[in-house]
Amino acid sequence: MAGGFRVLPLLILCSLFQGILGEEHQPNRPTERISGSAGDVLEDDPVGRLKVFVYELPSKYNKKILQKDPRCLNHMFAAEIYMHRFLLSSAVRTSNPEEADWFYTPVYTTCDLTPNGLPLPFKSPRMMRSAIELISTTWPYWNRTEGADHFFITPHDFGACFHYQEEKAIERGILHLLKRATLVQTFGQRNHVCLKDGSIVIPPYAPPQKMQAHLIPPDTPRSIFVYFRGLFYDVGNDPEGGYYARGARASVWENFKNNPLFDISTEHPTTYYEDMQRAVFCLCPLGWAPWSPRLVEAVVFGCIPVVIADDIVLPFADAIPWEEIGVFVAEEDVPKLDTILTSIPIEVILRKQRLLANPSMKQAMLFPQPAQSRDAFHQILNGLARKLPHEESVYLKSGQKILNWTAGPKGDLKPW
Amino acid sequence: MKPSLLTSQPSRRGSHRQVDSGLGGEGGGGAASAAESVFRSPTAAFWIVLHGVCCVISVFLGFRFSRVVFVLLFSPSSTTTISSVFTSVPALHAAVTNTTTTTTTQMRAIVLASSPPPPPPPEAEQNSTKSHVVVGRHGIRIRPWTHPDSEETMRAHWIIERVQREQRLQHGVRTPRPLIVVTPTYARTFQTLHLTGLLHSLLLVPFPLTWLVVEAASSRSNDTAAFLARSGLHFLHVPFPHPMPEDSRYRRTTESRMRLHALRVVRDRGMDGIVVFADDSNVHSMELFDEAQRVKWMGAISMRILTHITGLSTSRGEDHKSPVPIQGPACNSSGHLVGWHTYNPLPNTGATFIGAGKTVLPAKMEWAGFMLNSRLLWREAKEKPDWVRDLDEVGKKGEDIDSPLCLLEDASFVEPLGNCGRKVLLWWLRAEARYDSNFPTGWTLEPVLEATAAANHSARIDASPELPSNSKLTAANQDSRNNNIST
């Protein structure tokens, strides 16, 4: 009789487990749960875990710039604009700065576009500096921590280094005033000046509606082995080759242009998105900067990304286990790319495809309007929430100053 | 960041470099200023001289000899970089056209004069990073044999096949049911032609398949058997006791009876699967077999009828329901079967015999677009619906057995497949040779074919095309064949 009593709670426990596991198993498409080094955090809900105060800056920092050039809404740097809009109507926004954990400054530094649509970063340091001067004089919260509980979105090529050329960007370094703030940027490379500790790396903006419009039925068989469309030589700026992409893209072309397994070319077809959905591997090599929207497109279309960029830090690296999802190839191993890809065991390939098929993976890479749960906006907030609570040491004692307001190139000190 | 795919981006960078790119005139002006700077610094003079030497070498070599070679030769860099740069130079020659070399060499001179060349790897950026990734010019690594390896290609194809199989498992059918493809056939000129086409379609079907070939009795019956033995499919060759009538008006009935005979075989052997009626002369889409997996009891798909009807242009479609006739289920907007699209033959034609210029036309309803669950035919089957008739009852008393709807008491239970009949998955086509045409056995020609054989043949054709009786024509055919073979 005693044994029977013991068995009963065991049975109840077992059935509970079955119930939980049964709920998690999706009957149609066996996908796998995504669990990064921070744990199973892609599905966390940030609402209630943090509060963000949005500074009211004059419209010359945001709205007027956007009015001058509405192309900023569609290019790959548009995350800064959409994040601002999201935060304005989000549940994490608070109008009481005393209870805020994080402070957001809406300044669109990547919206000064050339006629071709590429952003010029030359005024960006001055714009940022001017915004920080404004918030430090109008509100006391900047001086309280010298920006340690503030975050800024800097989606440009090399983040807050504000230059498109890597040598110049490294020379400039991150804007001095942002030394203590948290940067939310698309650029990520280990041991690089322009990525500071504690930054949150986000995916570049890719238009979600456009990608949704080009979806093809998932039972269309994947018949392309490796797919890539883009430049191999940047003839305008680097005619000899060797500078652009550190020679990696040129190496891909020279080694594999005769290989029928590699569907690579510079011709950009109208069926670009459809072709990606028919490919097993999609190359994501570096260009002038290591990141590109190709990663987002590959994840959304279920094509395994082959990342060729040494030391790159991919978006949400603590939440998404990129080594299990993508294939990483060192730049020096590019001539052996075909051997590497064909020798991946088939179970590994199928597992990567299952991980990519997980809808929370695709959601985490997108910036949909209006925002949906578990999308990139929420992952940014999750990342910010994981950095809480702030240490006591970030709060400066009165009179203590760390930042040097006159540091940096002379040109940056001019008012904007 | 990557440059826009549609436009390279010379303008943004070019406008902010000290040098403008790609403009020969500017280059010329720059060279003049470079000449002045020559007298200012000996290193600049050295580079100008080096540039001149390289130009001369390039003239002799025939491709652009880069000064970067000297930089790398005299720098403590790895040998692989050097070798790769050497191999990269001919490649770059392909990439950079001849016309731009002169202007770019001009531009390079200016860049070199104004700033030192990019330092070799060890020196770069030591002050700020400990990264092993360095900024600067890198070599383009090219392996010696840039062509695909056959082993790797095979492995890649195997990977692709496995991925596609996984895709089918996930999005397609979980447990595919075997198919039973029923084909009535008879020995005739175009039999091998039609059967080969059908065979190739069936070989592509990814499901387990049995090909049930019913053959009408004929004096030369080995052709079909030999063909099936070579086919490589799992087949069942069922002989039908009666021969195919010569008059093509009656062939249709015989074919229907052959199909019923096949269905009796399916029932008696207890074959399990989905019966698909495939005529040997039709063209099938692979999606048809995918749709067949979704049959519960009986399904129908749309079939397009390809006929050549003379005089069609005069009658402006008043006798036809659609420009190209389609047989198939008709659905209402909620996806339920409400009727049938059928082929409506013109009043004064109909199935005629195959002579010169006249072709066989389909009847109102063909067997071809239907497929049924073989359990419908079994005497005892679980959940067998009651709207199906007993197989032995069908065909008696001379009823019309032109379509499988004769098997059913109530035709409204047929499931419309292929997106409710909107997708055409089958094409009905009846191309046959003249009734008196001859062909060698097995379609292999003996090397000896003399002019006498041709003369005999043409004599046959001039004979009047009236309907001979069955036995006479069979004898005549046999005679001419014998003639051909013997000579």
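By convention in this document, chain letters (A, B, ...) are assigned in the order of the sequence lines, proteins followed by strands, and residues within each chain are numbered from 1.
Here the CD1 atom belonging to B/Ile159 is positioned 5.5 Å from the CD1 atom belonging to A/Ile346, to the nearest 0.5 angstrom. Here the straight-line distance linking atom CG of A/Leu350 with atom CZ of B/Arg162 works out to 5.0 Å at 0.5 Å rounding. Once rounded to the nearest 0.5 Å, the distance linking CD1 of B/Ile160 with CZ of A/Arg222 reads 11.5 Å.
Heavy atoms of B/Trp145 lying under 4.5 Å from chain A are absent altogether. With a 4.5 Å cut-off on non-hydrogen atoms, A/Pro221 touches chain B through its backbone and its side chain both.
Other residues, nucleotides and ligands contribute at most 12 non-hydrogen atoms within 6.0 Å of the CE atom of B/Met154. Applying the 6.0 Å contact sphere to NZ of A/Lys196 captures more than 12 heavy atoms from other residues, nucleotides or ligands.
Highest contact tally toward chain B, considering only A/Asp219, A/Asn255, A/Leu286, A/Asn258, is held by A/Asn255 [criterion: heavy-atom pairs under 4.5 Å].
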**Prompt:** Where do A/Trp253 and B/Ile140 land on the side chain to side chain contact (heavy atoms under 4.5 Å, CB included) test, with the steps shown first?
**Reply:** CA-CA 10 Å; A/Trp253 174 251; B/Ile140 301 174; over 6 Å; no
**Request:** Mind running side chain to side chain contact (heavy atoms under 4.5 Å, CB included) on B/Arg137 and A/Glu240 for me, showing each step along the way?
**Result:** CA-CA 10 Å; B/Arg137 182 169 296 284; A/Glu240 279 190 4; 3.9 Å; yes
**Item:** Steps toward side chain to side chain contact (heavy atoms under 4.5 Å, CB included) verdict (B/Val163, A/Phe225)
**Value:** CA-CA 10 Å; B/Val163 164; A/Phe225 192 60; over 6 Å; no
Would you list the atom pairs, donor with acceptor, under 3.5 Å between side chains in residues 332-343 of chain A and any protein atom, with sequence neighbours excluded?
| unit_1 | atom_1 | unit_2 | atom_2 | d |
| --- | --- | --- | --- | --- |
| A/Asp333 | OD1 | A/Lys336 | NZ | 3.3 |
| A/Asp338 | OD1 | B/Arg143 | NH1 | 3.1 |
| A/Asp338 | OD2 | B/Arg143 | NH1 | 3.4 |
| A/Asp338 | OD2 | B/Arg143 | NH2 | 3.2 |
| A/Thr339 | OG1 | B/Glu152 | OE2 | 2.9 |
| A/Thr342 | OG1 | A/Asp338 | O | 2.8 |
| A/Thr342 | OG1 | A/Thr339 | O | 3.3 |
| A/Ser343 | OG | A/Thr339 | O | 2.7 |
| A/Ser343 | OG | A/Ile340 | O | 3.2 |

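The closest side-chain heavy-atom distance from B/Gln167 to A/Thr220 is not below 4.5 Å. Inter-residue side-chain proximity for A/Asn259 and B/His147 is flagged as unmet; no heavy-atom pair is nearer than 4.5 Å. Between A/Leu261 and B/His157 the shortest side-chain heavy-atom distance falls below 4.5 Å.
In terms of modelled atom types and a separation under 3.5 Å, the side chain of A/Ser251 and the main chain of B/Ile142 share no donor-acceptor contact.
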